[in-house]
Amino acid sequence: MPHLEFPVAPEEVGTSPTQFDELQPYFLNEEIWEDVTYRVCETLCVLSSKARCSAILRVQLLPEPFDASVKELTAICKVGWGREHAQRVKKEAELCRDKLSHLQVTDEGVTRVSVMEDCGQSLHVPLVECSPTFRYLACGMLVEVHKAGVIHNSFTERNVVVSVINSGPNKGEHVPVLVGFGEATEHQCPLNGNIQANGLRPERSDIMCDEIYYACMDSDFWRPAYIKVLDTEVPIAHATSVESLVQHAGYSNSNEMLKRRALLEARRAFSAHRD
Ligand SMILES: [Zn+2]
């Protein structure tokens with residue numbers, strides 16, 4: 001079983017710590033951890049921090065005592081100090097361990113630390129501006145989390161990390177990894193079946209689950225099911241021509257002025273639809 005040495009003094013996190021607590025971790029994705037004691041020897045980046053409450057850190061882990069045959073690792077540590085915050089970290093870690101199995105946790109006393117594999121950097125642009133493949137993967141990943149019985153409750157760019165595939169046929173490709181399960185809770189997802197990337201946008205009532213529905217809406221996961229011509233929504237199936245749009249929007253027999261406006265609008269909508 002690997003162990004973890006974490007700085008004793010919270011104020012030393014972010015500097016070069018000198019004294020360490022030895023914590024008893026249970027690591028789940030065993031393939032990246034060796035059966036040694038890892039020491040948090042340096043904080044590379046404070047990803048978020050609430051003074052003396054909690055922090056998320058990118059840290060450098062070295063085997064202690066030093067062992068050249070053991071790979072040093074960078075990892076994400078989530079730390080909670082004091083009963084309330086420690087409990088929160090523990091709950092998050094247990095939820096991920098039990099339901100999602102990709103997060104590791106260590107705990108002792110009132111300092112709880114969860115240690116995750118370092119997957120990459122958070123998204124710096126809105127998800128909707130990412131490539132279609134990346135957006136589809138991100139939403140698909142959220143659906144998998146729900147199917148595993150967990151609602152994330154904070155599906156935002158901050159919690160979508162960009163990871164680069166290191167080997168295999170897709171080497172070099174960017175894929176999303178969902179992190180930040182601090183607000184997550186158990187969830188029985190009412191979504192029955194799957195979501196179809198680039199399919200026609202379903203109704204909210206077809207999806208049933210708000211988190212999935214709005215995540216997909218916000219990231220343009222679906223194609224619009226309707227085209228708006230002035231005040232009327234026309235089902236996309238009728239978007240075969242500008243004239244068809246005008247006709248199905250009910251402006252064919254309108255007065256000259258209204259018909260002209262509908263035609264202009266339909267022309268603009270039709271060319272946007274074809275693009
Ligand atoms: Zn759900």
Side-chain angles (χ1 to χ4, degrees), residues 120-147 151-165 169-170 172-178 180 189-275:
Q121 305 281 339
S122 290
L123 269 185
H124 291 302
V125 294
L127 190 52
V128 71
E129 290 177 17
C130 297
S131 72
T133 309
F134 190 89
R135 286 184 281 121
Y136 300 159
L137 285 172
C139 293
M141 188 177 58
L142 183 67
V143 170
E144 289 308 314
V145 167
H146 277 237
K147 286 189 169 172
I151 183 164
H152 188 275
N153 286 325
S154 187
F155 184 78
T156 60
E157 281 78 5
R158 190 165 49 87
N159 288 325
V160 177
V161 163
V162 186
S163 185
V164 181
I165 297 176
N170 299 325
E173 254 177 47
H174 293 84
V175 291
V177 175
L178 190 54
C189 191
L191 172 68
N192 203 356
N194 249 318
I195 52 171
Q196 196 202 335
N198 208 29
L200 283 188
R201 181 184 301 159
E203 297 294 333
R204 158 73 188 80
S205 54
D206 296 330
I207 297 298
M208 308 273 287
C209 176
D210 274 347
E211 179 164 85
I212 291 177
Y213 182 72
Y214 290 109
C216 290
M217 289 292 280
D218 288 348
S219 50
D220 265 352
F221 186 82
W222 297 300
R223 282 183 293 131
Y226 296 92
I227 286 188
K228 209 164 178 194
V229 179
L230 298 180
D231 288 330
T232 314
E233 286 189 327
V234 181
I236 211 90
H238 297 309
T240 50
S241 67
V242 173
E243 292 69 26
S244 166
L245 277 176
V246 172
Q247 185 204 333
H248 286 94
Y251 293 105
S252 298
N253 298 316
S254 300
N255 67 48
E256 209 49 39
M257 189 59 127
L258 194 53
K259 197 173 160 187
R260 223 170 85 183
R261 282 175 52 205
L263 261 170
L264 267 175
E265 183 85 352
R267 205 165 285 144
R268 185 198 57 75
F270 186 67
S271 86
H273 165 63
R274 278 196 314 186
D275 293 345

Determine, stepwise, if the pair Leu127 / Glu157 fulfils side-chain contact (heavy atoms from CB on, under 4.5 Å). CA-CA 6 Å; Leu127 190 52; Glu157 281 78 5; 3.6 Å; yes
Go through the steps for Ile236 and His273 under the test side-chain contact (heavy atoms from CB on, under 4.5 Å), then give the verdict. CA-CA 9 Å; Ile236 211 90; His273 165 63; 3.6 Å; yes
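Side-chain contact between Asn198 and Arg223 is present, with heavy atoms from C-beta onward closer than 4.5 Å. Between Cys189 and Lys147 the shortest side-chain heavy-atom distance does not fall below 4.5 Å. The side-chain heavy atoms of Asp206 and Glu203, taken from C-beta on, include a pair separated by under 4.5 Å. For the pair Ile207 and Trp222, the minimum side-chain heavy-atom distance is below 4.5 Å. The shortest distance between side-chain heavy atoms of Leu123 and Phe134 falls below 4.5 Å.
Between Ser154 and Asn159, the closest heavy-atom pair is O-ND2, 2.8 Å. Between Ala225 and Leu200, the closest heavy-atom pair is CA-CD2, 4.2 Å.
In this view, Ser241 satisfies the side chain to side chain donor-acceptor pair (under 3.5 Å) rule with no residue, not counting sequence neighbours. Residues that satisfy the side chain to side chain donor-acceptor pair (under 3.5 Å) test with Lys228, not counting sequence neighbours, are absent from this structure.
A ring-ring contact (aromatic ring centres under 6.0 Å, His included) check over residues 228-249, counting only residues at least two apart or in different chains, returns the pairs His238-His248. Residue pairs meeting the side-chain hydrogen bond (donor to acceptor under 3.5 Å, both in side chains) criterion with at least one member in residues 122-138: none, sequence neighbours excluded.
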Please list every donor-acceptor pair under 3.5 Å in which a side-chain atom of residues 252-268 meets a protein atom from a residue at least two apart or in another chain.
unit_1 : atom_1 : unit_2 : atom_2 : d
Ser254 : OG     : Tyr251 : O      : 3.4
Asn255 : OD1    : Met257 : N      : 3.1
Asn255 : OD1    : Leu258 : N      : 2.9

I'd like a table of donor-acceptor pairs (distance under 3.5 Å, sequence neighbours excluded) in which one partner is a side-chain atom from residues 210-220, with atom names and distances.
unit_1 : atom_1 : unit_2 : atom_2 : d
Asp210 : OD1    : Arg204 : NE     : 2.3
Asp210 : OD1    : Arg204 : NH2    : 2.7
Glu211 : OE1    : His146 : NE2    : 2.6
Glu211 : OE1    : His152 : N      : 2.9
Glu211 : OE2    : Asn153 : N      : 2.7
Ser219 : OG     : Ala215 : O      : 2.6

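Here the straight-line distance linking atom OG1 of Thr232 with atom CG of Leu245 works out to 11.0 Å at 0.5 Å rounding.
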